[in-house]
Engineer: 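Take this structure first; my questions come after.
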Amino acid sequence: IDETDQDPNETIVYDLGGSYDVNYVRLWNYNYPENSDRAVKDVTISLSNDNVTFANPVDVNLAEPTEQTVDQSELITLDSSGITGGVRYVKFHIKTNHGNADNVALASVLFSGIPLDCATAVTGGQGLDFDTNDDCKVDFADFAEFAADWLRCIDPETTGCEEPWL
């Protein structure tokens, strides 16, 4: 759970760790029954590539959660067009909650987007299984690394195999 407790009218900035064409964010509001008044009500979400200039704000009004066991996530469409170099930072300016004077909380946040470069795809877990050099393509360079070990053997029960443990 990506949870935060802060005073209302606060800002949270998420660093996505790379450049993405961000399409959506799915928000799960804080939904603990006795404290649903902490749940975010009004939030402005904006995007940036440098954590300085934020653009394309989207104003969102989130409903107060009613039951703890129901998935009450909300899918919000984001527009990353015009953000040169893609989106790396997403800012949530939380304006109000559902009545708690001291705390505001989100339960979880999930971003959906397309990586804009090879390094972001690989570090984001979308690399190809047999792309041994992480250049986002499986080609002869990867095959050459595979071929360099072709027919090598380290089985201790087979005669003639290498013995790297000695």
Side-chain angles (χ1 to χ4, degrees), residues 1-6 10-31 39-40 43-60 62 65 68-94 104-166:
I1 290 180
D2 181 7
E3 185 174 312
T4 180
D5 281 330
Q6 299 181 17
E10 291 289 338
T11 298
I12 302 169
V13 176
Y14 291 92
D15 181 349
L16 303 179
S19 296
Y20 292 87
D21 178 8
V22 178
N23 306 315
Y24 302 98
V25 61
R26 183 172 292 279
L27 297 177
W28 285 265
N29 218 341
Y30 186 80
N31 65 348
V40 172
V43 59
T44 299
I45 303 170
S46 52
L47 311 171
S48 174
N49 65 351
D50 61 6
N51 201 20
V52 175
T53 304
F54 285 84
N56 303 4
V58 175
D59 290 317
V60 180
L62 300 171
Q68 186 175 7
T69 58
V70 177
D71 176 6
Q72 296 185 16
S73 66
E74 297 196 35
L75 185 66
I76 295 123
T77 301
L78 301 174
D79 176 14
S80 60
S81 64
I83 311 257
T84 305
V87 174
R88 177 165 178 159
Y89 302 94
V90 181
K91 178 169 69 174
F92 285 48
H93 177 204
I94 300 169
V104 64
L106 286 169
S108 191
V109 178
L110 177 68
F111 298 99
S112 174
I114 301 166
L116 295 181
D117 57 49
C118 177
T120 300
V122 170
T123 59
Q126 281 104 34
L128 299 167
D129 289 339
F130 296 102
D131 178 17
T132 58
N133 60 2
D134 293 332
D135 65 355
C136 292
K137 56 187 173 238
V138 177
D139 55 15
F140 281 116
D142 302 300
F143 181 73
E145 288 186 37
F146 169 75
D149 275 348
W150 184 254
L151 297 179
R152 286 183 69 197
C153 171
I154 61 165
D155 182 355
E157 297 178 15
T158 302
T159 319
C161 284
E162 298 174 35
E163 298 175 344
W165 47 84
L166 293 179

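Just so it is clear, the structure is predicted and the values come from calculations on it, not from any experiment. Sequential numbering from 1 along the given sequence is applied to the chain's residues.
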Engineer: Quick one: CG on Leu27 to CD1 on Ile45, what's the gap to the nearest 0.5 Å?
Structural biologist: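 The CG atom of Leu27 sits 5.0 Å away from the CD1 atom of Ile45.
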Engineer: Does a sphere of radius 6.0 Å around CG in Leu75 hold more than 12 heavy atoms from other residues, nucleotides or ligands, not counting ones at 6.0 Å or beyond?
Structural biologist: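 It does: Leu75 CG has more than 12 such atoms within range.
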Engineer: Sequence neighbours left out, what passes side-chain hydrogen bond (donor to acceptor under 3.5 Å, both in side chains) with Ser112? Give chain and number order.
Structural biologist: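 So Ser112 forms no side-chain hydrogen bond (donor to acceptor under 3.5 Å, both in side chains) with any residue.
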Engineer: Sorted by first residue and then second, give each salt bridge (Lys or Arg N to Asp or Glu O under 4.0 Å) pair with at least one member in residues 12-21; sequence neighbours left out.
Structural biologist: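 Residue pairs with at least one partner in residues 12-21: Asp15-Arg88.
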Engineer: Could you tell me which residues satisfy salt bridge (charged side-chain N to carboxylate O under 4.0 Å, His left out) with Asp129, sequence neighbours excluded, listed by chain and number?
Structural biologist: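 Per chain and number, Asp129 pairs via salt bridge (charged side-chain N to carboxylate O under 4.0 Å, His left out) with no residue.
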Engineer: How about Phe54 and Val90: do any of their side-chain heavy atoms sit closer than 4.5 Å?
Structural biologist: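 When only atoms from C-beta onward are counted, Val90 and Phe54 do not touch, as no gap falls below 4.5 Å.
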Engineer: Under a 4.5 Å cut-off applied to non-hydrogen side-chain atoms, are Asn49 and Ser19 in contact?
Structural biologist: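 They are not in contact (no side-chain heavy atoms under 4.5 Å apart), so the answer is no.
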Engineer: Once the angle between the rings of Phe143 and Phe146 is folded into 0 to 90°, is it parallel (under 30°), tilted (30 to 60°) or perpendicular (over 60°)?
Structural biologist: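 Geometry flag for Phe146 against Phe143: tilted rings.
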Engineer: For Asp117, give me all partners under side-chain hydrogen bond (donor to acceptor under 3.5 Å, both in side chains), at least two apart in sequence or on another chain.
Structural biologist: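 With neighbours one apart ignored, the set is Thr120.
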Engineer: Show me the donor-acceptor pairs within less than 3.5 Å that the side chains of residues 159-166 make with the rest of the protein, sequence neighbours left out.
Structural biologist:
residue : atom : partner : partner atom : Å
Glu162  : OE1  : Arg152  : NH2          : 2.6
Glu162  : OE2  : Arg152  : NE           : 2.8

Engineer: Could you list the residues that satisfy side-chain contact (heavy atoms from CB on, under 4.5 Å) with Val58, not counting sequence neighbours?
Structural biologist: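 Partners of Val58 under the side-chain contact (heavy atoms from CB on, under 4.5 Å) test: Val60, Ile76, Leu78.
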Engineer: Can you sort out the partners of Phe111 under ring pair (Phe, Tyr, Trp, His ring centres under 6.0 Å), two or more places apart, ordered by chain and number?
Structural biologist: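 For Phe111, the residues satisfying ring pair (Phe, Tyr, Trp, His ring centres under 6.0 Å) (neighbours in sequence not counted) are Tyr14.
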Engineer: Quick one: list whatever passes side-chain hydrogen bond (donor to acceptor under 3.5 Å, both in side chains) with Thr77, sequence neighbours left out.
Structural biologist: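 Partners of Thr77 by the side-chain hydrogen bond (donor to acceptor under 3.5 Å, both in side chains) criterion come out as none, since no residue qualifies.
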Engineer: Side chains of Leu110 and Trp28, heavy atoms from C-beta outward: is any pair under 4.5 Å?
Structural biologist: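 Leu110 reaches Trp28 side chain to side chain.
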Engineer: Are Arg26 and Val109 close enough, and set up right, to give a side chain to side chain contact (heavy atoms under 4.5 Å, CB included), and what steps lead you there?
Structural biologist: CA-CA 6 Å; Arg26 183 172 292 279; Val109 178; over 6 Å; no
Engineer: Determine whether Phe92 and Leu106 make a side-chain contact, defined as any pair of heavy atoms from C-beta on separated by less than 4.5 Å.
Structural biologist: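 Counting from C-beta outward, Phe92 and Leu106 do come under 4.5 Å.
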Engineer: Using the side-chain hydrogen bond (donor to acceptor under 3.5 Å, both in side chains) criterion, which residues pair with Glu145? Sequence neighbours excluded.
Structural biologist: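 For Glu145 the side-chain hydrogen bond (donor to acceptor under 3.5 Å, both in side chains) partners, ignoring immediate neighbours, are Thr132.
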Engineer: Might you point out which heavy atoms bring Ser46 and Pro57 nearest each other, and give the distance in Å?
Structural biologist: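 That would be CB-CA, 4.1 Å.
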Engineer: Leu47 and Ser80: which non-hydrogen atoms are nearest, and at how many Å?
Structural biologist: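 Between these two residues, the closest heavy atoms are CD1-CA, 3.9 Å.
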Engineer: Give every residue pair that meets the ring pair (Phe, Tyr, Trp, His ring centres under 6.0 Å) criterion with at least one member in residues 112-138, sequence neighbours excluded.
Structural biologist: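 Qualifying pairs: none.
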Engineer: Looking at every heavy atom in both Asp134 and Cys118, which two are closest together, and how far apart are they?
Structural biologist: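 Minimum heavy-atom contact is O-SG, 3.6 Å.
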Engineer: Report yes if the side chains of Ile94 and Thr11 come closer than 4.5 Å at any heavy-atom pair, otherwise no.
Structural biologist: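 When only atoms from C-beta onward are counted, Thr11 and Ile94 do not touch, as no gap falls below 4.5 Å.
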Engineer: Looking only at heavy atoms, what is the nearest atom pair of Ser48 and Val52, with distance?
Structural biologist: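 Taking every non-hydrogen atom into account, OG-N, 3.8 Å.
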Engineer: Excluding sequence neighbours, so at least two apart, what forms salt bridge (charged side-chain N to carboxylate O under 4.0 Å, His left out) with Asp59?
Structural biologist: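 Partners of Asp59 under the salt bridge (charged side-chain N to carboxylate O under 4.0 Å, His left out) test: Lys95.
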Engineer: The criterion is side-chain contact (heavy atoms from CB on, under 4.5 Å); which residues satisfy it with Asp135, sequence neighbours excluded?
Structural biologist: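 With neighbours one apart ignored, the set is Asp131, Asn133, Lys137, Asp139, Asp142.
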Engineer: For Leu16 and Val22, what are the C-alpha separation, side-chain angles and deciding distance, and is it a side chain to side chain contact (heavy atoms under 4.5 Å, CB included)?
Structural biologist: CA-CA 10 Å; Leu16 303 179; Val22 178; 3.8 Å; yes
